[in-house]
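Here's the structure we're looking at; comments come further down.
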Amino acid sequence: MLDELREAAQRQRRARAVQALVQRSRRLLSERGEMGGLALARDLVERLEPLDDEQLDAFFDFLARELSPDPRRVLRLAEAYAARPDAAALVALVQAVEPPRQELLRRLNRSPGGTAAILRLRRALLGRLPRRPELAALEADLLHLLSSWFNPGFLQLRRVDWQSPAQLLEKIIRHEAVHAIDGWDDLRRRLQPDRRCFAFFHPQLADEPLIFVEVALLPEMPAQIGPLIDKASTPLAHEAFRVAAFYGISNCEAGLRSVSLGNFLIKQVAEQLRRELPRLKTFCTLSPMPGFARWLHGTPDAAALPGLAKAAAARLAQAQATLRAACGGDLEALQSAATHERLGAEGEAALLALAAAYLLQLSPTPAGDPVARFHLDNGARLERLALRGNMSPAGLRQSFGVMVNYLYDLDRIEASHARFRQGEVVRSRAVATLS
């Protein structure tokens, strides 16, 4: 009985905390004085921090249900604008359509700690969306606002090196999502003079990297990831730098999912490196192809890809048959390094042809490889496919060891981006001959 009473009391305390949060949110929206608004926003930020899952659910319900536009007012003003589409009617309609919760979030964002609090809210919201689709409008508002607040024009590009604060270096180790960093010795090697690491930061989150990219400075375009992340390798001399190869890009803030940062980061880093190191002539990536193995497993007839000419379809059907024969009829065998040693020239050519078809035919569609779509939409050119580029267990499992070089020709990025948006994958002659 005593436990039940304690539990009931705790529920009441949690409910009162949410009620207080709702009341203060309404007060903040009605506040006209700037100083009073800042004090209220600061209080709200502090109250948001300790909310548990049940309290967050209740607060999200408040934001979604009670701070949405008034549908009757929107309809009335829409009809007025349709009848007389002048500037005054349009302004009134736009103001009516905007949910009041957007203004609440803007006012919260002005408070110290407000930006971080809003990112925490979005992280919590994203985890709920699959089971609570009614919160999708709230998510759309958050994405809209964060896309504005984290516009690249407001972000700071900084180089991360061995002299950076230890707390920052620890975050780089923890958030590296492409090629795991094996402790401090590994990180030290990745920050040597022939390596670079750059990150975007926001003024309101000064010590928090939002996204970072790792770059290798090399004499030629790389075909294998192993040498780039070998912590025992010897740093190259400055005079040897001709190529800047982006080999890893990692997001650090889950609350910024779908906010475009990586495309601007790569371009800004490339421009900065070109100014710093005029000898650099080539900017490229060494990228994974994480969807390739799954696609090939699930595609019994690759020749049925849409858009293939009859002759190309026939060549692709032959490539698929050749590859199956080379690995004993079981594509799972391609996850073993030993199988690649036995493929032979015909098997390797077949694997390259299928990888090229996967990238060329599917990349302009939603079913395309996510890494390919990112770089091609960013204006890169599909430059080269590399067999045995990543023979790690993850590389073999995801792409049968194949990696990709995307070329960033800084003078042609916009044209390549436009062509990709029209459904065309800009590719080198070497790649074109594979399909």
Using ring centroids (six-membered ring only for Trp), state whether H202 and F154 fall under 6.0 Å. no
Check this for me, if you would: do R195 and E214 make a salt bridge, where the nitrogen-to-carboxylate-oxygen distance has to be below 4.0 angstrom? no
Is E134 salt-bridged to R128, going by a charged N under 4.0 Å from an acidic O? no
Q167, CD: over 12 other non-hydrogen atoms inside 6.0 angstrom: no
Verify whether one side chain among E271 and Q268 offers a donor that lies under 3.5 Å from an acceptor in the other. no
If you measure from the Lys or Arg side-chain nitrogens to the Asp or Glu carboxylate oxygens, is any gap between E253 and R123 under 4.0 Å? yes
What's the shortest heavy-atom distance between S233 and P227, and which atoms? OG-O, 4.2 Å
Closer than 4.0 angstrom, basic N to acidic O: yes or no for R242 and E220? no
Residues E66 and R101 bridged, charged N to O under 4.0 Å: no
Less than 4.0 Å between a side-chain N and a carboxylate O, is that true for D161 and R190? no
Sort and list the pairs that fulfil salt bridge (charged side-chain N to carboxylate O under 4.0 Å, His left out) and have at least one residue in residues 394-414, not counting sequence neighbours. D409-R412
Start with the C-alpha gap between Q422 and E424, add the side-chain angles, then the distance that decides, and say whether side chain to side chain contact (heavy atoms under 4.5 Å, CB included) holds. CA-CA 6 Å; Q422 295 298 317; E424 178 186 357; 5.6 Å; no
